[in-house]
Amino acid sequence: VRDTVTGLMDLLSVLAKLQNRQVALCLLRQCASYGKLVHLMRGLPLQCRTSQFARFDAAVRAALEEIVGHPLEDGEWDQAVLPLRWGGLGLRRTADHREAATLGARSSSRKLVERLCPEVEWDDESWADVAEAFNARVDEDSRVRLTPEGAPLAQKALSTGIDAKLLEAFESKLTGR
């Protein structure tokens, strides 16, 4: 993970120095941010390498700051990580969406893994811990209940619940509530 993040940080540094800022922003949003680490987030245990993901999130913020030409206030960064449809730039933070990635991957692969490798024991307790951490981040209507027979959880839907909570927190800061 460290090597992947370091390589991506180099890419972000070069991208941020492009003369055409519109192209740099487009490349950052579409090619060089959250999507670059989703596969690792889905495949690694939740507690694995969170410091590396934090390094990556900081590098994405630094790249955006260089592209726009000034340091971002925390509130500006909070808005940038919101989806486009909610007034953000769609630069999701790995720290915000790691539980959604883990739950989406585990739930969508569980039946196949059980069929192909019946000797594999699922650690339902750690899976429940991930669900609990996810549920702490979202509103009640977005919370998940895990059952072995349950339908797979779509990461996109899970992340939408997280985005909704981030929007709520952002709006609360703006209104002072």
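Side-chain atoms are counted along with the backbone in the values below, which use heavy atoms only and exclude waters and symmetry mates. Quantities reported herein were computed from a predicted structural model and do not represent experimental measurements.
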- Task: Please confirm whether the backbone N or O of L72 pairs with a side-chain atom of R61, one donor and one acceptor, at under 3.5 Å?
- Result: yes

- Message: Are W86 and L158 linked, directly or through intermediate hydrophobic residues, by side-chain heavy-atom contacts shorter than 4.5 Å (ILVMFWY only)?
- Response: yes

- Query: Atom CG of L44 and atom OG1 of T50: how far apart are they, to the nearest 0.5 Å?
  - Reply: 11.0 Å

- Task: Check the pair D78, R93 against side-chain contact (heavy atoms from CB on, under 4.5 Å), reporting the backbone distance first and the verdict last.
- Result: CA-CA 10 Å; D78 290 343; R93 286 182 290 235; 3.3 Å; yes

- Note on the structure: d(D163 CG, R92 CZ) to nearest 0.5 Å is 4.5 Å

- Message: Contact between R137 and D96 at the side-chain level, heavy atoms closer than 4.5 Å - yes or no?
- Response: yes

- Reported CE-to-NZ distance for the pair M41 and K36, which is rounded to 0.5 angstrom: 15.0 Å

- Query: Roughly how far, to the nearest 0.5 Å, is OG of S109 from CD of E114?
  - Reply: 9.5 Å

- Task: Quick one: pull up CG in D57 and CG in L37 and give me the separation to the nearest 0.5 Å.
- Result: 8.0 Å

- Message: Tell me if a side-chain donor or acceptor on S159 pairs with a main-chain N or O of K156 at a distance below 3.5 Å.
- Response: no

- Report the C-alpha distance between T102 and F134 in whole Å, list the side-chain angles of each, state the deciding distance to 0.1 Å, and finish with yes or no for side-chain contact (heavy atoms from CB on, under 4.5 Å). CA-CA 10 Å; T102 301; F134 172 82; over 6 Å; no

- How far apart are the closest heavy atoms of S108 and R42, and which atoms are they? OG-NH2, 3.5 Å

- Check the surroundings of atom CG in D74: do more than 12 heavy atoms from other residues, nucleotides or ligands lie under 6.0 Å from it? no

- Query: Donor-acceptor pair, E76 side chain versus E73 backbone, under 3.5 Å?
  - Reply: yes

- Looking only at heavy atoms, which two atoms of E99 and A133 are closest? And how far apart? OE2-CB, 3.7 Å

- Side-chain donor or acceptor of R143 paired with backbone N/O of N135 under 3.5 Å: yes

- Message: Using every non-hydrogen atom in the two residues, find where E66 and K17 come nearest and quote the distance to one decimal.
- Response: OE2-CG, 3.3 Å

- Query: Which atom pair, heavy atoms only, marks the closest approach of Y34 to F56?
  - Reply: N-CE2, 4.1 Å

- Can you check salt bridge (Lys or Arg N to Asp or Glu O under 4.0 Å) on E168 and K165, steps first, answer last? CA-CA 5 Å; E168 181 183 300; K165 196 66 172 180; 3.3 Å; yes

Side-chain polar contacts of residues 21-31 - donor-acceptor pairs under 3.5 angstrom, sequence neighbours left out - could you list them?
unit_1: R21; atom_1: NE; unit_2: I67; atom_2: O; d: 3.4
unit_1: R21; atom_1: NH1; unit_2: I67; atom_2: O; d: 3.3
unit_1: R29; atom_1: NE; unit_2: L89; atom_2: O; d: 2.7

- Excluding sequence neighbours, so at least two apart, what forms ring-ring contact (aromatic ring centres under 6.0 Å, His included) with F170? none

- If only atom types and distance count, is the side chain of S142 paired as donor or acceptor with the main-chain N or O of V138 below 3.5 Å? no

- Item | Greater than 12 external heavy atoms within 6.0 Å of R145's CZ | no

- Query: Nearest heavy-atom pair of W77 and L64: which atoms, and what distance?
  - Reply: CZ3-CD2, 4.0 Å

- Item | Enclosure of Q19 CD (heavy-atom neighbours >12, cutoff 6.0 Å) | no

Quiz: residues 3-13 side-chain donor-acceptor pairs under 3.5 angstrom, not counting sequence neighbours:
unit_1: T6; atom_1: OG1; unit_2: R2; atom_2: O; d: 2.9
unit_1: T6; atom_1: OG1; unit_2: R55; atom_2: NH2; d: 3.4

- Query: Can you hop from L174 to L167 via hydrophobic side chains spaced under 4.5 Å?
  - Reply: yes

- Out of curiosity, Q155 CD to S107 OG, how far, rounded to the nearest 0.5 Å? 9.5 Å

- Compare every heavy atom of I162 with every heavy atom of H97, then report the nearest pair and how far apart it is. CE1-CG2, 3.8 Å

- Message: Determine whether D141 and D139 satisfy the following criterion, side-chain contact (heavy atoms from CB on, under 4.5 Å), listing intermediate values before the conclusion.
- Response: CA-CA 6 Å; D141 60 337; D139 288 327; 3.4 Å; yes

- Close side-chain approach of W127 to R106, heavy-atom, < 4.5 Å: yes

